[in-house]
Amino acid sequence: MSFQDKKIVIYVTGGIAVYKAAELVRLFIKDGAQVIVAMTESATKFVTPLTFQILTKHDVYLDSFDEKDPEKINHIHLADWADLAIVVPATANTIGKLANGIADNLVTSALIATNVTRVVVPAMNEKMLYNPASQRNLQQLEKDGYHIIEPEEGFLAEGYSGKGRLPDIHSMFTQVAQIYAQATLPQVLKGKSILITAGGTREKLDPVRYLTNESSGKMGYALAKMASHLGAQVHLVSTKKELAVPIGVSPTYVADAKEMAQVVTDAFPEQDVVIMAAAVADFRFKEVHDKKIKKKDNEKEGLTLELERNPDILASLGKQKSVKQFLVGFAAETNDVKQYALKKLEKKKADLIIANDVSDQTIGFNSSDNEVTLYFKDGAIKHLEKADKETIAQEILQEIAKHLD
Ligand code: PMT
C-alpha cells in the first residue's frame with residue numbers, strides 16, 4: 001500500500017538520531033503523503049525547525065502557547081488532522097511522559113489527544129533502553145495501543161556497540177507501512193496460512209547456462225506483501241533472492257521446478273490457501289552437464305538438446321487438496337485467454353484461475369502493472385481493471401477471502 005494523500009504528523013524529540021527523521025520525512029513525502037512535523041524544544045538543538053519546514057512546506061509546530069490562529073488550538077488541530085502519528089526518534093523522556101499521561105509540551109499534548117494509529121520509534125543509549133523504567137514505559141505504551149518499532153543493535157553515538165539505534169530509514173518506512181496497513185485494512189485473512197510462489201524457475205543446462213522466462217517475481221511479491229497486510233501468515237516460495245522480502249513474510253528460495261515442487265508439496269498440508277504466481281518451466285533439460293558445454297568443430301549442423309517434462313505443481317496440488325483448502329493458479333496467455341483459463345481451472349482442479357494477457361507488454365511479465373480476470377470454480381467471473389500490482393494483489397486477495405467463508 002502507499003501513503004498517497006495520507007496525512008502524517010511526525011513528532012520529533014531530542015536525540016542524536018533527529019537527522020534520520022529528516023530523511024524519513026522525505027520518504028513519506030516521496031510516497032505521496034502530506035507531512036507536518038512537531039518538535040520538542042530539545043529536538044531543535046540537534047536539527048533546526050527550518051530543515052523540516054523546507055522539507056514539508058508546512059510550519060513546524062513547536063510551542064503549545066504559540067496560538068496565532070484564534071480559529072484553532074494547535075495541538076488539537078494536529079491530533080485531528082492526522083491519519084497517522086509517528087514519534088521518531090522517541091526519547092526515554094517523551095516515552096515516560098506518554099506512558100504516564102503527562103502533557104507538558106506541544107508534542108505530548110497533541111499525542112495524548114490523538115486517536116489514530118500511533119507509532120513510537122525509540123532511540124537511545126542501550127543502558128537507558130534497558131533501564132527498568134524505560135522498559136515498563138514501553139510496555140505501558142503497547143498496552144495503551146501504541147505500536148513500537150524495535151530499535152536496532154549497532155554502533156551507538158557513544159562510540160561502542162549496543163541496542164538502541166534508530167533503524168535504517170527504509171526499514172522504518174516499511175515497518176510503519178505494515179503497521180498502518182494492518183491497522184486500517186480489513187483483516188480478512190487473519191488466522192489464514194497462505195503460500196505464494198513467485199518468479200520464474202531456472203532449469204539448469206550446465207554451470208553457466210539455464211532455461212528460464214521473463215517473470216520478475218513482482219506479482220508474487222505484491223501478493224505476499226498484501227496478504228500479510230490483510231492479516232495472513234505468509235510463506236513465500238521464490239526464485240528471486242534479490243528482491244526485498246515484505247515484512248512479516250517468511251521466504252524459502254528455490255531455483256528450479258523440481259525444488260519448487262518439493263517445497264510447495266511439503267508445506268501444502270498446513271496451508272489454507274496456495275497461490276501459484278510463479279512462472280514454472282514446463283520442461284527441463286534431460287541431461288544436466290556438470291562442466292560447461294564446449295562447441296566442437298564438427299558440430300556444423302548445430303546442437304540438439306533434449307527436454308523432458310517438469311512436474312505440474314498446481315495439477316498435483318489439485319489432486320491432493322482437501323475441501324477446506326483453496327487453490328489458485330495463474331494463466332499467462334497470449335490469445336484465447338478465457339478459453340485457456342477455463343480449461344486450466346478444470347484440468348488442474350483449482351478453485352480459481354487468474355488470467356493475464358501476457359501479449360500486452362504493459363502488464364503481466366516484468367511490468368509494474370497488471371490487469372486480470374478471475375475465473376472461480378463456482379462460475380463467478382470478476383475482471384480487475386489495469387492497476388499497479390499491489391492494488392491488483394489486494395483486490396485478488398479480498399475476492400479470495402469472500403470465497404473462503
Ligand atoms: O513475475 P512477474 O514479472 O510479476 O509476472 C507475473 C506473471 C505474468 C508471471 C504472473 O502473473 C503469472 O501469470 N504467473 C503464472 C505464469 C505461468 O506459468 O502460467 P501458465 O499458464 O504457464 O501456468 C498455469 C499455472 O500452473 C500457473 O499458476 C503456474 O504457476 C502453474 N504451473 C505451471 C507449470 C508447472 N509445471 N507447474 C505449475 O504449477
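Numbering of ligands and ligand atoms starts at 1, following listing order. Quick caveat, the model's predicted, so the values are computed rather than measured.
- Of all protein heavy atoms, the one lying nearest to atom 11 (O) of ligand 1 is Asn356 OD1, 2.6 Å.
- Residue contact annotation: Lys348 has a non-hydrogen atom under 4.0 Å from ligand 1.
- Using a 4.0 Å cut-off between a side-chain N of Lys or Arg and a carboxylate O of Asp or Glu, Lys348 and Asp312 qualify as a salt bridge.
- Between Gly199 and ligand 1, not a single N/O pair is under 3.5 Å apart.
- Every atom of ligand 1 is numbered from 1 in the order shown, and the set under 4.0 Å from a heavy atom of Gly329 is 28 (O).
- By the criterion of a heavy-atom distance under 4.0 Å, the backbone of Ala277, and not its side chain, is placed next to ligand 1.
- Contact between Pro311 and ligand 1 is present, with at least one heavy atom of the residue lying under 4.0 Å from the ligand.
- Between the side chains of Thr373 and His383, a donor-acceptor pair is found at a separation under 3.5 Å.
- Heavy-atom proximity to atom 34 (C) of ligand 1, evaluated over Asp282, Leu223, Asp312, is greatest for Asp282.
- The closest heavy-atom contact to atom 30 (O) of ligand 1, among the options Ala278, Ser368, Ala331, comes from Ala278.
- When all heavy atoms of Lys292 and Pro207 are compared, the pair lying nearest together is N-CD, 3.6 Å.
- Phe28 and Phe173 have their aromatic ring centers within a separation under 6.0 angstrom.
- Salt-bridge formation is detected for the pair Glu399/Lys402: a Lys NZ or Arg NE/NH1/NH2 atom is positioned less than 4.0 Å from an Asp or Glu carboxylate oxygen.
- Ligand 1 has no N or O atom lying under 3.5 Å from any N or O atom of Ser367, backbone or side chain.
- The neighbour count for Glu158 CD, taken as heavy atoms of other residues, nucleotides or ligands under 6.0 Å away, is above 12.
- With ligand atoms numbered from 1 in the order given, ligand 1 contributes 27 (C), 28 (O), 30 (O), 39 (O) to contacts under 4.0 Å with heavy atoms of Met276.
- The nearest protein atom to atom 39 (O) of ligand 1, hydrogens excluded, is given as Leu314 N, 2.8 Å; this is a heavy-atom distance.
- Near Gly217, with a cut-off below 4.0 Å to any heavy atom, the atoms of ligand 1 are 1 (O), 2 (P), 3 (O).
- From the protein, the heavy atom lying nearest to atom 37 (N) of ligand 1 is Ile313 N, 3.1 Å.
- Applying the 6.0 Å contact sphere to CD of Gln361 captures no more than 12 heavy atoms from other residues, nucleotides or ligands.
- Lys344 NZ, 2.5 Å is the protein heavy atom nearest to atom 21 (O) of ligand 1.
- Applying the 4.0 Å criterion to heavy atoms of Met219 picks out, from ligand 1, the atoms 4 (O), 6 (C), 11 (O).
- At a 3.5 angstrom cut-off on N or O pairs, Asn366 counts as close to ligand 1.
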